[in-house]
Amino acid sequence: MPDIEFPTGAGSAPGYLATPASGQGPATIVLQEWWGLEEHIRSVCDRFAANGFFALAPDLFRGETTTQPSEAEQKLMALSMDQAEHDMCGAADYLLSLPGVQGDGVASVGFCLGGGLSVWAAATCPNIAAAVTYYYVMPHGKPDFAKIKGPVLGHFGTADQFVPTDAAQALESEIRDAGVDVTFHYYDGAGHAFFNDLDRLGTYDQAHAQSSWERTIEFLRTALAA
């Protein structure tokens, strides 16, 4: 049953859980783009499971998805950060409670809106031990980066219309200046959402997606080694 309900500090939340065939391994939460918890994010969870990870994507929009950018932007702006924090921290806590999950903490991985939330989770959720952000977008302010306890890995395209390279570099510097172990990779000619193979923005780049994925898996295996 990959669709689950898990407890949070505010009650419970829905999500999609993928588990490794071995029944044991490290774990990560997976945070959605502004489209909602749709098939791409579910497939990312499945890919993590195929690589030996437990992966839980909290459904931040509570079952609602969209393919329209204007509607997606409305949902993004309407997102309650209080609810999102409860969902993300609750998802991390739930993963650690599962039999077979290895390590003292879990990771957060996110894309676009989820890329911003992944860093937010690292700064606010006690059990997030590492974070990966793909093309960080965070319209609701920013957390205290100094509270991030683990390493941060970032993936950004040099042709991103939403996140210019200078903005990404400034973010990288700000996180590093807060005392965090941070590494951002910049993918030449890649646009926003270059990892999303549904290609809603016409920017999917298979080579850069694969390269970034391999870096992500290697980073998480190292960061979450028990």
Side-chain angles (χ1 to χ4, degrees), residues 2-3 13-18 28-49 53 55-81 83-85 87-88 91-92 107-122 125 128 131-143 152-157 159-164 167-168 171 184-185 187 190-206 208-213 215-216 220:
D3 285 298
Y16 178 82
L17 175 67
T28 185
I29 64 173
V30 179
L31 300 166
Q32 68 195 45
E33 296 175 300
W34 65 355
W35 312 114
L37 178 53
E38 35 73 276
E39 61 184 285
H40 171 64
I41 296 300
R42 291 170 184 264
S43 74
V44 172
C45 291
D46 293 341
R47 289 178 66 185
F48 272 120
F53 291 79
L56 173 57
D59 188 349
L60 302 177
F61 291 169
R62 295 299 188 266
E64 295 186 5
T65 61
T66 181
T67 59
Q68 302 302 314
S70 58
E71 186 178 2
E73 184 175 12
Q74 291 174 357
K75 292 182 181 301
L76 178 152
M77 297 308 295
L79 178 67
S80 159
M81 283 307 301
Q83 177 214 301
E85 278 192 20
D87 288 0
M88 296 187 297
S108 59
V109 178
F111 306 84
C112 184
L113 165 64
L117 291 174
S118 177
V119 177
W120 193 291
C125 301
I128 298 293
V132 179
T133 175
Y134 276 80
Y135 22 88
Y136 175 113
V137 173
M138 193 66 250
H140 299 285
K142 60 187 175 186
V152 175
L153 179 68
H155 304 293
F156 295 84
D160 192 324
Q161 298 297 310
F162 294 89
V163 188
L171 175 67
F184 281 8
H185 293 283
Y187 297 83
H192 192 72
F194 68 83
F195 188 81
N196 189 332
D197 54 12
L198 294 183
D199 206 20
R200 290 204 175 106
L201 299 180
T203 53
Y204 173 62
D205 187 304
Q206 184 176 8
H208 287 322
Q210 182 61 28
S211 175
S212 68
W213 177 253
R215 283 170 165 159
T216 293
L220 293 181

task = Dump the intermediate steps for side-chain contact (heavy atoms from CB on, under 4.5 Å) on Gln210 and Asp205, then the final yes or no.
result = CA-CA 9 Å; Gln210 182 61 28; Asp205 187 304; over 6 Å; no
key: Modelled atom types, side-chain donor and acceptor of Ser118 and Tyr136, under 3.5 Å   = no
ask   = Ion pair present between Asp197 and Arg47, side-chain N to carboxylate O less than 4.0 angstrom?
value = no
key: Asp199 side chain to Thr203 backbone, donor-acceptor under 3.5 Å   = yes
query = For Gly157, does its backbone N or O pair with a side-chain atom of His185 as donor and acceptor, under 3.5 Å?
reply = no
query = Can you name the one residue among Tyr135, Trp213, Phe156, Phe162 that meets ring pair (Phe, Tyr, Trp, His ring centres under 6.0 Å) with Phe194?
reply = Tyr135
request  = Answer whether the closest heavy-atom distance between the side chains of Leu31 and Phe111 falls below 4.5 Å.
outcome  = no
task = Using a 4.5 Å cut-off on heavy atoms from C-beta on, say whether the side chain of Leu113 contacts that of Glu33.
result = no
key: 4.5 Å side-chain heavy-atom contact, Phe195 and Ser212   = yes
query = Does the side chain of Leu79 reach to within under 4.5 Å of the side chain of Phe61, using non-hydrogen atoms?
reply = yes
ask   = Within a strict 4.5 Å, meaning less than it, do heavy atoms of the Pro139 and Leu76 side chains meet?
value = yes
ask   = Of Ile29, Leu60, Thr133, which meets side-chain contact (heavy atoms from CB on, under 4.5 Å) against Leu117?
value = Leu60
query = Are any non-hydrogen side-chain atoms of Cys112 and His192 less than 4.5 angstrom apart?
reply = yes
query = Can you check side-chain contact (heavy atoms from CB on, under 4.5 Å) on Asp46 and Phe48, steps first, answer last?
reply = CA-CA 5 Å; Asp46 293 341; Phe48 272 120; over 6 Å; no
query = Any side-chain heavy atom of His208 within less than 4.5 Å of one from His155?
reply = no
request  = State whether a side-chain donor-acceptor pair under 3.5 Å links Tyr187 with Ser211.
outcome  = no
request  = Go through Met88 and Ser108 one step at a time and tell me if the side-chain contact (heavy atoms from CB on, under 4.5 Å) criterion holds.
outcome  = CA-CA 9 Å; Met88 296 187 297; Ser108 59; over 6 Å; no
message = I'd like to know if Arg42 pairs up with Asp59 as an ion pair, taking the criterion as any Lys NZ or Arg NE/NH1/NH2 lying under 4.0 Å from an Asp or Glu carboxylate oxygen.
response = no
message = With a 4.5 Å cut-off on side-chain heavy atoms, are Leu198 and Glu38 touching?
response = yes
